[in-house]
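Written below as structure tokens is the structure these notes are about.
Heads up: numbering here begins at 1 and tracks the sequence.
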Amino acid sequence: MRSNKMAAMILAGGRGTRLLDLTKKVAKPAVHFGGKYRIVDFPLSNCANSGISTVGVLTQYESVLLNAYVAKDQFWGLNTNEGGVFVLTPRETDAKGLDVYRGTADAITQNIDFLDSVDPEYVLILSGDHIYKMNYDKMLKAHQERQADCTIAVMEVPWKEASRFGIMNCDENDTIVEFAEKPKEPKSNLASMGIYIFTYKTLRKYLLADDVDENSHHDFGKDIIPSYLNDQRKLVAYRFKGYWKDVGTVDSLWESNMDLLKADNELDLGDNTWKIYTEDVNALPQFIGENAVIDNSYITQGSTIYGEVRNSVIGTNCEVASGAVVVDSVVLPGAKIGEGAKVTRCIVANDVEVAPGAICGSADSETIDLVAKKFTE
């Protein structure tokens, strides 16, 4: 059953510069993952599976492809009379002229009129560039039971990585008593996942006050959450135990793809009880050649394999030619690996053609190579 009590707002406007050439012309949430998916499919599918019918996607950087993609709300079963997916971009207004989103909180503030028209009791704030499955309805029930003003999804991270996140310090009831945005010396390893549920009436007041604060960064982690704590609003941590990955770097994107190939894969894209929906590209069936060798790999529809593929993820409409070897790698849609080429511990970008006999990457490399040029020799 659809719920009109909560609207979701997906922040999908970041540049994603650490993904290098993968995001030079494409917004990070539109980057491919897992053979046939895009990163943004995960929060959108989570919304659909959680019974959320109204989803705003806030875009900005290199947004043309992403806007066109998320506007096709039928992919996720969100094309209903009760709601849909709404593409929300920065707009020109009489009051401010043409503006950009100044921060995560400002992106929501600039779309208060949209939220007012939806009139939700609760607002779910999400990032458009994380890989995970999550039932937001369970999180909403926890928010309601605790009578919280804000509930923040959290998970324990390795201590050495804690300084990269917003860190929570909680009491014995998981009520948040302190929040530090990317602290140099974290007091705990309980990290924000960038997933928030707010009671909308309260949030609206804070957003409008933040909008006119000249000293604000207009950011949830730096401004809105600290303001809630300063005013002794009730903030609650919601502990998440499943798979979650911020795929913000070439290495982390590769790692998350490789996680799909593990025997104990927590993400499990074959789980019919919590499907991840995506565009049907209407490609031909995959073709595996007579002398091809495939071991522990995802091979997506439309791909033709004549060579050797081991422990790798091959995207839609790719080609691995005779004598080519692909090991521990991610080949994004449309890429072609030429005869006799060797690709090891790499991400091969969309539509790249690896020349016959080329050698890309190394089994001994500590980092993942991104092959992003049209031809590699």
Side-chain angles (χ1 to χ4, degrees), residues 9-11 13-18 28 42-43 46 102-108 123-134 136 138-140 142-143 146-199 202-203 206-207 210 213 215-249 251-253 255-256 259 266:
M9 301 288 272
I10 301 178
L11 299 168
R15 288 179 174 269
T17 54
R18 293 179 299 163
K28 181 179 172 185
F42 288 82
N46 288 338
R102 297 172 292 173
T104 54
D106 181 62
I108 305 300
V123 175
L124 171 68
I125 310 295
L126 304 170
S127 171
D129 49 17
H130 296 155
I131 302 293
Y132 66 109
K133 292 180 180 178
M134 185 176 184
Y136 303 132
K138 288 184 178 180
M139 184 175 171
L140 175 60
H143 178 86
R146 294 292 304 275
Q147 296 183 317
D149 293 303
C150 171
T151 298
I152 302 176
V154 300
M155 65 186 303
E156 293 183 0
V157 297
W159 275 95
K160 64 180 181 180
E161 296 181 16
S163 60
R164 295 176 43 227
F165 296 90
I167 295 297
M168 315 289 144
N169 296 313
C170 302
D171 66 13
E172 64 276 8
N173 298 315
D174 275 343
T175 299
I176 298 167
V177 296
E178 188 178 6
F179 177 88
E181 181 70 10
K182 298 180 180 179
K184 291 183 178 179
E185 297 181 4
K187 296 180 182 179
S188 84
N189 66 335
L190 201 59
S192 168
M193 298 167 62
I195 300 171
Y196 313 106
I197 291 179
F198 289 94
T199 301
T202 305
L203 175 63
Y206 277 82
L207 289 174
D210 178 80
D213 183 354
N215 296 317
S216 176
H217 300 89
H218 310 293
D219 182 83
F220 279 103
K222 294 177 181 176
D223 305 290
I224 302 298
I225 302 301
S227 293
Y228 267 57
L229 284 171
N230 289 339
D231 293 345
Q232 297 185 322
R233 293 284 182 180
K234 189 171 184 179
L235 277 77
V236 173
Y238 178 81
R239 292 178 182 260
F240 179 71
K241 299 295 186 181
Y243 184 92
W244 178 87
K245 193 120 183 166
D246 179 354
V247 287
T249 65
D251 281 20
S252 63
L253 179 63
E255 288 168 3
S256 196
D259 288 342
E266 290 182 87

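Here Phe240 contributes atom CZ and Ile195 contributes atom CD1; the two are 7.0 Å apart, rounded to the nearest 0.5 Å. Considering CZ of Phe179 and OG of Ser192, their distance stands at 5.5 Å, rounded to 0.5 Å. To the nearest 0.5 Å, atoms CE (Met9) and CD1 (Ile108) are separated by 4.0 Å. Interatomic distance, OG1 of Thr199 versus CG of Asp149, reported as 6.0 Å (0.5 Å rounding).
Residues satisfying the side chain to side chain contact (heavy atoms under 4.5 Å, CB included) test with Pro183, not counting sequence neighbours, are Ile167, Ala180, Pro186. Residues passing the side chain to side chain contact (heavy atoms under 4.5 Å, CB included) test with Lys138 are Asn135, Tyr238, sequence neighbours excluded. Every residue two or more places apart in sequence or in another chain was checked for a ring-ring contact (aromatic ring centres under 6.0 Å, His included) with Phe165, and none qualifies. Legend: residues meeting salt bridge (charged side-chain N to carboxylate O under 4.0 Å, His left out) with Asp213, ordered by chain and number and at least two apart, are absent. For Lys245, the salt bridge (charged side-chain N to carboxylate O under 4.0 Å, His left out) criterion is met by Glu255, not counting sequence neighbours. Applying the side chain to side chain contact (heavy atoms under 4.5 Å, CB included) criterion to Thr249, with sequence neighbours excluded, gives Arg18, Asp251, Ser252. Under the rule for a side chain to side chain contact (heavy atoms under 4.5 Å, CB included), the partners of Asp129 that lie at least two apart in sequence or sit in another chain are Lys28, Ile39, Ser127. The ring-ring contact (aromatic ring centres under 6.0 Å, His included) test applied to Tyr206 returns Tyr228, not counting sequence neighbours. Looking at residues two or more places apart in sequence or on another chain, you find a side chain to side chain donor-acceptor pair (under 3.5 Å) between His218 and Arg102, Asp210. Tyr136 is linked by a ring-ring contact (aromatic ring centres under 6.0 Å, His included) to nothing, counting only residues two or more places apart in sequence or in another chain. Judged as a ring-ring contact (aromatic ring centres under 6.0 Å, His included), and not counting sequence neighbours, the contacts of His130 are Trp244.
Side-chain contact check for Ile224 versus Leu207: some heavy-atom pair is nearer than 4.5 Å. Annotation: side chain of Asn46 is in contact with side chain of Lys133 (closest heavy-atom distance under 4.5 Å). Residues Val177 and Leu229 fail the side-chain proximity criterion, which asks for heavy atoms closer than 4.5 Å. Annotation: side chain of Arg146 is in contact with side chain of Asn173 (closest heavy-atom distance under 4.5 Å). Residues Ile225 and Cys150 are in side-chain contact: their nearest non-hydrogen atoms beyond the backbone lie under 4.5 Å apart. Side-chain contact check for Leu126 versus Leu11: every heavy-atom pair is 4.5 Å or farther apart. Taking 4.5 Å as the limit, every side-chain heavy atom of Lys182 sits out of range of all side-chain heavy atoms of Arg164.
Closest of all the heavy-atom pairs between Ile176 and Met168 is CD1-SD, 3.7 Å. Heavy atoms only, all atoms of each residue included: Pro226 and Gly221 are closest at CD-O, 3.4 Å. Of all heavy-atom pairs between Glu156 and Leu190, the closest is CG-CD1, 3.9 Å. Annotation for Thr151 and His143: closest pair OG1-ND1, 2.7 Å, computed over non-hydrogen atoms. Across every non-hydrogen atom of Met139 and Ile152, the tightest pair is CE-C, 4.1 Å. Between Glu181 and Lys222, the shortest heavy-atom distance links the atoms CG-CG, 4.1 Å.
For residues 171-180, the pairs satisfying salt bridge (Lys or Arg N to Asp or Glu O under 4.0 Å) are Asp174-Arg239, Glu178-Lys187, with sequence neighbours left out.
The ring of Phe42 has its center no closer than 6.0 angstrom to the ring center of Tyr132.
Side chain of Asn189 to backbone of Ala162: no donor-acceptor contact under 3.5 angstrom is found.
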